[in-house]
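Quick notes on the structure that follows.
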2 protein chains.
Amino acid sequence: MARKPADQAVHRDDIIKAAADVLREHGYDATTMKDIAARVNLTAASLYHHFKNKDFLLLAVLERGLSLTIATIEPIQQSDKPARDKLSAMIAAHINAITSHPASGAAMVFEIKALMNVNTAARGNGDSSEFTKRRDAFFEQRDYFEAMFRETVKEGISNGEFRPVDAAIVAKAMLGAHNWVGVWYKASGRLAGDEIAAIMIDTFVTALKK
Amino acid sequence: MARKPADQAVHRDDIIKAAADVLREHGYDATTMKDIAARVNLTAASLYHHFKNKDFLLLAVLERGLSLTIATIEPIQQSDKPARDKLSAMIAAHINAITSHPASGAAMVFEIKALMNVNTAARGNGDSSEFTKRRDAFFEQRDYFEAMFRETVKEGISNGEFRPVDAAIVAKAMLGAHNWVGVWYKASGRLAGDEIAAIMIDTFVTALKK
DNA sequence: TTTATAATCTAATCTTGATTCAATTATGGC
DNA sequence: GCCATAATTGAATCAAGATTAGATTATAAA
C-alpha cells in the first residue's frame with residue numbers, strides 16, 4: 001500500500017473556504033477556478049484533483065455552510081425549553097453563523113440560484129446522478145432548516161406562548177430577514193453580529209407575543 | 001427627415017420584460033442573449049440595436065422594476081397619514097409589486113450581485129462612465145427605497161405610534177423578508193399576494209406596537 | 001414615390017474559462 | 001532505499017456565447 005490521504009481533508013476544506021470568499025466577492029460565474037486556486041496557492045488544474053468540477057465545488061461550499069449552521073441550531077430546536085427561548089437562541093445562532101462567516105452567509109442567498117441553474121445533463125457532471133442526488137439532498141437540508149423555525153413557531157402557538165399566526169409565512173419572513181443580513185452585513189459596520197441578533201430577536205419575538 | 005422611433009419604446013419595454021422573465025428562470029450568467037431574443041422573436045444581434053450590451057440590458061431590467069415599485073410607494077410615504085397606516089400600505093404595495101411581477105422581484109435579489117460584478121472597465125461599457133453613472137444612480141434609488149421604510153419607522157417612533165427600536169435594522173429586516181418573498185413565491189401557491197401582504201403587515205406592525 | 005433611418009438578420013469574430021492530458025514531484029509505508 | 005499513490009503543474013483543448021460587421025427590409029415623412 002502507500003500514502004494515506006492524511007492532510008487531504010484539510011486542503012479540501014481550505015479550498016472550500018477560499019471558494020466561499022471569492023464567491024462572495026464575485027459571484028459564481030464571475031469567479032474563475034483560477035481565482036479560487038490562487039487563494040490557496042494552487043493552479044486551476046489542481047482543483048480538479050479535489051473536486052470533480054466547478055459545480056461540485058459550489059455544492060461543497062453550500063453544503064458546508066448549511067451543515068455547520070444546522071449543527072448549531074438543531075440541538076437548540078430539539079431541547080425542551082420554552083418555544084420562546086428556543087426561538088431566541090435559534091435566531092441568535094443563525095445570525096451569528098451569518099455574521100461570523102459572511103462568505104457562506106451570502107452564498108446561501110446568491111449562489112443558490114447558480115446551484116439550481118446547473119445543467120445536470122451537461123458535461124462533467126458525468127453521472128448527473130451523483131450531482132443531482134447531492135443537490136437534492138442539499139435542498140432537503142435547506143427545507144429541514146426552515147422547518148425547524150416553522151415548527152418552533154407552531155410549538156409556541158399550540159402551547160400558548162405565542163399568538164396565532166401563519167407559522168409558515170412568519171418563518172419565511174424570519175429567514176428572509178436573516179439571510180438578508182448576509183447581504184448587507186459588514187464586519188466594520190455600526191453593529192456587531194450580537195447586536196444585530198438582539199434586534200432580530202426583539203423584533204420577531206415581539207411580533208409573536210400574545 | 002424620416003421615421004419616428006414610434007414603437008421602439010414599446011419594443012424596448014417588451015425586451016426588458018422578457019429579459020426579466022428569462023433572468024428569473026436562469027439567472028444572469030446562465031441567460032444568453034439568444035434566450036432573451038427568442039422570447040420576443042428576435043435574434044441576439046437585434047438586441048444590440050436596443051441595448052448597448054448585456055450589462056445595460058440587466059441594468060434596464062433592474063431600473064424598471066425598482067422605479068415602478070418606488071412609484072407606488074413614494075406617494076404613500078409622503079402622505080400625512082399615521083405612520084402605522086403608511087407603513088401598512090407601503091408593505092402591501094411592496095409585496096404586491098413583488099408578487100405581481102415575480103420576475104422583477106427575484107431579479108432585485110439575485111441579479112443585484114451580477115450588477116455589482118460588472119467589470120465597468122472592460123469592453124463595450126465603453127464610456128464605463130455612462131454605465132457606472134447609471135449603476136450608481138440605481139443603487140442610490142435602492143438606498144432611497146430603503147430609506148422610505150426606515151424613515152416611516154422613525155416617524156412612528158418619534159410621534160409615539162411605535163415603540164423605540166433600531167429603525168435602520170428593523171427596516172432592513174422588513175426588506176429582507178419582503179425580498180425573500182420574491183424568491184419563494186409561486187402564483188400557484190397556497191396564498192395569494194394579498195394574503196401574504198396581510199401577514200407581513202401583521203407581523204411587522206405588531207413588532208412595532210407599543 | 002423617394003429617402004433617411006429604424007429594425008432585423010445571417011454569418012463571422014474573439015474571448016474567456018472550464019476542463020483535460022501527460023508529465024513531474026512529494027511522501028508515507030514497507 | 002523503493003514503491004504506489006497523492007498532489008500539482010504547465011500546456012493544450014474546446015465550447016459557449018457575447019459582440020461585431022455587412023447586408024437587407026420596413027416604414028414614416030416629405
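Each chain gets a letter, A, B and so on, in the order the sequences are listed, and its residues count up from 1. Because the structure is a prediction, the values reported are computed rather than measured.
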Are side-chain heavy atoms of Lys113(B) and Tyr28(B) found at a separation under 4.5 Å? no
What do you reckon, are the aromatic ring centroids of Phe56(A) and Phe131(A) less than 6.0 Å apart? yes
Separation of dA12(D) atom P from Lys34(A) atom NZ, nearest Å, is 16 Å
OG1/Thr99(A) to CD/Glu195(A) distance, rounded to the nearest 0.5 angstrom? 10.5 Å
What is the distance, rounded to the nearest whole Å, between atom NE2 of His50(A) and atom C1' of dA7(D)? 6 Å
Could you check which of dG17(C), dT8(D), dA11(D) has an atom nearest any side-chain atom of Thr32(A)? dG17(C)
Interatomic distance where CG belongs to Asn53(B) and P belongs to dT19(D) [whole Å]: 5 Å
Nearest-Å distance, CE (Met33(A)) to P (dT9(D))? 13 Å
Which value, rounded to the nearest 0.5 Å, describes the distance between Leu58(A) atom CG and Leu62(A) atom CG? 4.5 Å
Just compare dT9(D), dA18(D), dA11(C) and give me whichever is closest to any side-chain atom of Leu42(A). dT9(D)
In this structure, how many angstroms lie between the C1' atom of dT19(C) and the CG atom of Leu57(A), rounded? 14 Å
May I ask you to say what Thr43(B) touches in the nucleic acid, namely base, sugar-phosphate or nothing, with a heavy-atom cut-off under 4.0 Å? base
Pair Asp85(B), Ser88(B) - check side-chain hydrogen bond (donor to acceptor under 3.5 Å, both in side chains), show working. CA-CA 5 Å; Asp85(B) 293 347; Ser88(B) 299; 5.5 Å; no
From CG of Asp35(A) across to C1' of dG17(C) the rounded distance in Å is 10 Å
Which of dT19(D), dT10(C), dT19(C) is nearest the side chain of Ala44(A)? It is dT19(C)
Of the listed nucleotides (dA21(D), dT19(C), dG10(D)), which one gets closest to any side-chain atom of Tyr48(A)? dT19(C)
Nearest whole angstrom, please: distance from the P of dA6(D) to the CD1 of Ile15(A). 15 Å
If only side-chain N and O atoms of His49(A) are considered, is one of them under 4.0 Å from the OP1 or OP2 phosphate oxygen of dT5(D)? no
Heavy atoms under 4.0 Å, any strand shown: does Asp29(B) hit a base, just sugar-phosphate, or nothing? nothing
Could you tell me whether the phosphate oxygens of dT9(D), OP1 or OP2, come under 4.0 Å of any side-chain nitrogen or oxygen in Ser46(A)? yes
Taking NE2 from His11(A) and C1' from dT5(D), how many angstroms apart are they, rounded to a whole number? 16 Å
